Amino acid sequence: MANSFCLSQCDVIGFDLDHTLCRYQLHESNKLIYESFAQYLVSEKGYSAELLCVSPEEWDFCSKGLVLDLEEGNFLKLATDGTILRAAHGTKSMTVEEIEEVYGEKREWKHFNAINGTYARSAKYYFYDNHFDLPSALLCAKVVDCIEVTEGQKYDFWKDIVAAIEHNYKTTAFKENCGTYFPAVKKNPSKYLKPCSDAVKHWLRDLKNAGKTLLLITSSHSDYCRLLCEHILGKNFEELFDIIITNALKPGFFSLAPQQRPFWALENDEEVHMLPLLEKPGWYSQGNWIHLYELLKKITEKSEPKVVYFGDSMRSDIFSARHYSNWETVLIFEELEGDEVYKPNMTDWGSSLKKKGKYDNKCTVSRKWGSYFADKIAGIQGLQEVSSLTWCCTSIRNYSTIAIPSIASIVDLPLDYKFKRFSTDTSETEGYYPYPPQALLCQKNEGTAA
């Protein structure tokens with residue numbers, strides 16, 4: 001495989017919607033998601049009203065890449081081999097001694113092999129890998145704090161979290177205006193959504209004019225998708241895409257057989273009848289990548305059209321599209337425009353990218369959890385602390401073609417721009433555009449010094 005990647009070599013370019021094409025006002029959307037779940041737990045399940053109060057400092061708990069050990073009520077940050085780098089019981093950070101008391105001297109999480117390389121769901125753990133998930137991580141941590149006070153070591157709250165998610169996000173919630181989340185976004189979308197820039201809209205049109213087939217594949221239902229797209233792209237957004245697939249239920253869209261997940265035709269945002277195959281471009285619901293790929297062969301008139309897919313979720317987008325479909329994948333990772341990123345020349349940074357309004361620098365590194373990409377393993381069996389890549393960082397390299405902070409960061413590049421792709425044959429820092437994470441450069445320098 002070549003060490004470079006360019007969009008001009010792709011026949012089909014696909015996009016996730018939420019946190020990929022559609023950027024959110026994270027400060028507001030995080031509060032709304034948290035409130036929607038917390039209010040349900042308090043009003044419907046009898047949880048403490050203390051859950052409704054969140055201090056500004058508590059939001060620092062939210063960090064992508066955490067795993068919730070539901071058996072112990074612990075949040076874990078994992079190294080590339082499954083060693084526990086940091087942990088918290090509820091919101092309270094655990095010491096090295098406390099971690100070893102629960103997980104042994106080597107601090108090995110016993111379920112690591114079950115999730116590594118599969119991202120399988122389980123009743124024993126939950127992986128937080130996208131911005132929609134993060135507010136519920138804080139909520140779950142605060143629930144554990146409450147349970148410690150009132151019920152000791154009984155952790156059976158997860159079913160109530162699932163019920164809160166279902167109440168707010170079920171397929172009919174938007175239409176019925178039920179729950180807290182959808183009514184708020186419908187009432188004031190500008191409070192929660194960031195419109196796409198004209199540069200992004202022009203870039204999408206340029207891709208179509210260059211003969212590329214454009215896909216939109218989202219797990220959001222069609223009515224919510226319509227609201228988002230009209231707000232961020234305009235009333236004529238359907239003209240930008242050859243195929244729109246809503247309620248895709250990723251990762252099942254990629255992992256399940258066509259018989260398990262057929263496509264459905266839509267009328268007035270309702271699924272009306274099942275389709276044995278896709279025969280033409282259009283707007284569909286559910287489905288599977290195999291039937292989609294057969295249609296892409298027909299549209300492109302190629303036996304093996306090359307597809308690239310942009311997404312923000314490692315589990316639902318990146319791993320699944322690469323592992324099951326062998327598509328190229330572009331990870332949208334907003335944290336690359338914040339404190340995590342290396343900026344080689346602050347003068348150039350300020351006069352170019354920042355001047356164009358592409359970088360807000362609002363994503364800060366969690367004080368509790370540290371860098372998403374690397375950390376220290378301290379005191380294992382009396383040894384000195386050593387640097388380690390995180391499991392999530394290794395996953396980016398294994399399953400992403402490249403990683404970028406936003407679509408806006410690449411729209412001014414020529415279509416044949418050659419990105420350095422992730423590869424086992426190249427440096428850990430290559431594959432990130434425009435700049436690699438600071439933590440990886442520090443890791444690289446430590447290795448050189450050693």
Side-chain angles (χ1 to χ4, degrees), residues 24-77 84 86-95 98-99 101-102 123-170 173 177-185 187-188 191-192 362-370:
Y24 283 75
Q25 307 281 4
L26 290 179
H27 179 69
E28 297 296 338
S29 63
N30 284 348
K31 287 195 301 181
L32 176 61
I33 293 169
Y34 182 94
E35 291 168 3
S36 67
F37 295 165
Q39 287 176 7
Y40 179 85
L41 292 185
V42 173
S43 63
E44 301 296 327
K45 299 296 182 178
Y47 282 73
S48 169
E50 293 179 9
L51 294 177
L52 300 175
C53 302
V54 182
S55 68
E57 294 75 22
E58 286 182 299
W59 287 107
D60 179 68
F61 186 90
C62 296
S63 180
K64 284 183 184 175
L66 301 180
V67 174
L68 171 55
D69 181 343
L70 287 163
E71 295 174 309
E72 302 290 345
N74 297 334
F75 287 82
L76 312 176
K77 179 183 181 182
I84 297 169
R86 304 191 191 197
H89 184 68
T91 62
K92 300 173 180 63
S93 296
M94 298 172 67
T95 65
E98 289 171 334
I99 296 173
E101 183 178 345
V102 178
K124 298 178 179 179
Y125 57 80
Y126 189 84
F127 173 52
Y128 293 91
D129 83 323
N130 63 76
H131 283 296
F132 269 147
D133 277 346
L134 294 188
S136 68
L138 175 58
L139 178 60
C140 287
K142 288 170 71 69
V143 166
V144 171
D145 292 346
C146 294
I147 292 175
E148 280 293 288
V149 173
T150 61
E151 301 179 38
Q153 296 296 319
K154 185 179 180 182
Y155 301 110
D156 61 350
F157 62 87
W158 188 248
K159 65 181 185 301
D160 296 329
I161 299 294
V162 173
I165 294 170
E166 171 64 17
H167 176 68
N168 281 280
Y169 292 145
K170 63 183 179 181
N177 216 39
C178 72
T180 303
Y181 181 82
F182 288 129
V185 178
K187 182 178 179 180
N188 190 1
K191 182 178 180 179
Y192 304 103
K362 291 182 180 178
C363 291
T364 58
V365 178
S366 167
R367 294 184 300 277
K368 179 179 286 289
W369 297 107

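Atoms considered below: every heavy atom in the structure, side chains included; atoms not considered: hydrogens, waters and symmetry mates. By convention here, the first residue in the shown sequence is residue 1. The structure displayed is predicted, hence computed values, not measured ones.
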- Message: If you apply the rule side chain to side chain contact (heavy atoms under 4.5 Å, CB included), what do you find for M94 with V102, and how did you get there?
- Response: CA-CA 10 Å; M94 298 172 67; V102 178; 4.2 Å; yes
- Query: Who are the side-chain contact (heavy atoms from CB on, under 4.5 Å) partners of A38, not counting sequence neighbours?
  - Reply: Y34, L52, L139
- Task: Applying side-chain hydrogen bond (donor to acceptor under 3.5 Å, both in side chains), name anything that partners S48, two or more places apart in sequence or on another chain.
- Result: none
- Note on the structure: By side-chain contact (heavy atoms from CB on, under 4.5 Å), L70 pairs with (sequence neighbours left out) L68, F157, W158
- All side-chain hydrogen bond (donor to acceptor under 3.5 Å, both in side chains) counterparts of Q39, not counting sequence neighbours: T180
- Could I get the full list of ring-ring contact (aromatic ring centres under 6.0 Å, His included) partners for Y192, not counting sequence neighbours? none
- Task: Could you tell me which residues satisfy salt bridge (Lys or Arg N to Asp or Glu O under 4.0 Å) with K31, sequence neighbours excluded, listed by chain and number?
- Result: E28
- Message: Just to verify, what does N188 make a side-chain hydrogen bond (donor to acceptor under 3.5 Å, both in side chains) with, not counting sequence neighbours?
- Response: none
- Task: State, with a plain yes or no, whether a side-chain heavy atom of S63 is found less than 4.5 Å away from one of K368.
- Result: no
- Check N30 against H131 and note the closest heavy-atom contact, atom names and distance. OD1-O, 3.8 Å
- Which residues share a salt bridge (Lys or Arg N to Asp or Glu O under 4.0 Å) with K159, sequence neighbours left out: D156
- Taking the six-membered ring for Trp and the full ring for Phe, Tyr or His, determine whether the centres of F127 and Y125 are under 6.0 Å apart. no
- Note on the structure: Looking only at heavy atoms, the pair that brings Y155 and V144 closest together is CE2-CG1, 3.8 Å
- Task: Search all heavy atoms of Y47 against all heavy atoms of L51 and return the closest pair with its distance.
- Result: CB-CD1, 3.7 Å
- Query: Of all residues at least two apart in sequence or in a different chain, which pass the side-chain contact (heavy atoms from CB on, under 4.5 Å) check with S43?
  - Reply: none
- Mind telling me whether F61 and F75 have parallel, tilted or perpendicular rings, with 30° and 60° as the class edges? perpendicular
- Note on the structure: Hits for side-chain contact (heavy atoms from CB on, under 4.5 Å) against K92, two or more places apart or cross-chain, chain-then-number order -> D145
- Check whether any side-chain heavy atom of F37 sits under 4.5 Å from a side-chain heavy atom of I161, and report yes or no. no
- Task: Could you pull out all residues at least two apart from D129 that satisfy side-chain hydrogen bond (donor to acceptor under 3.5 Å, both in side chains)?
- Result: S313
- Query: Can you check whether C53's main-chain N or O pairs, donor with acceptor, with K142's side chain at less than 3.5 Å?
  - Reply: yes
- Task: Working to the nearest 0.5 Å, report the span between OG of S366 and NZ of K77.
- Result: 8.5 Å
- Query: From Y126 OH over to C140 SG, what is the distance, rounded to the nearest 0.5 angstrom?
  - Reply: 9.0 Å
- Query: Is there a side chain to side chain contact (heavy atoms under 4.5 Å, CB included) between V185 and L32 once you walk through the steps?
  - Reply: CA-CA 9 Å; V185 178; L32 176 61; 3.8 Å; yes
- Note on the structure: In this structure, CG of D160 is separated from CG of L41 (nearest 0.5 Å) by 6.5 Å
- Message: I'd like to check Y169 versus I33 (side-chain heavy atoms, cut-off strictly below 4.5 Å). Are they in contact?
- Response: yes
- Item | Residues that Y40 engages under ring-ring contact (aromatic ring centres under 6.0 Å, His included), provided they are two or more places apart | H167
- Just wondering, do L66 and L134 contact through their side chains at under 4.5 Å, heavy atoms? no
- For the residue pair C62 and Y128, establish whether any side-chain heavy-atom pair is separated by less than 4.5 Å. no
- Nearest heavy-atom neighbours spanning A164 and N168: O-ND2, 3.0 Å
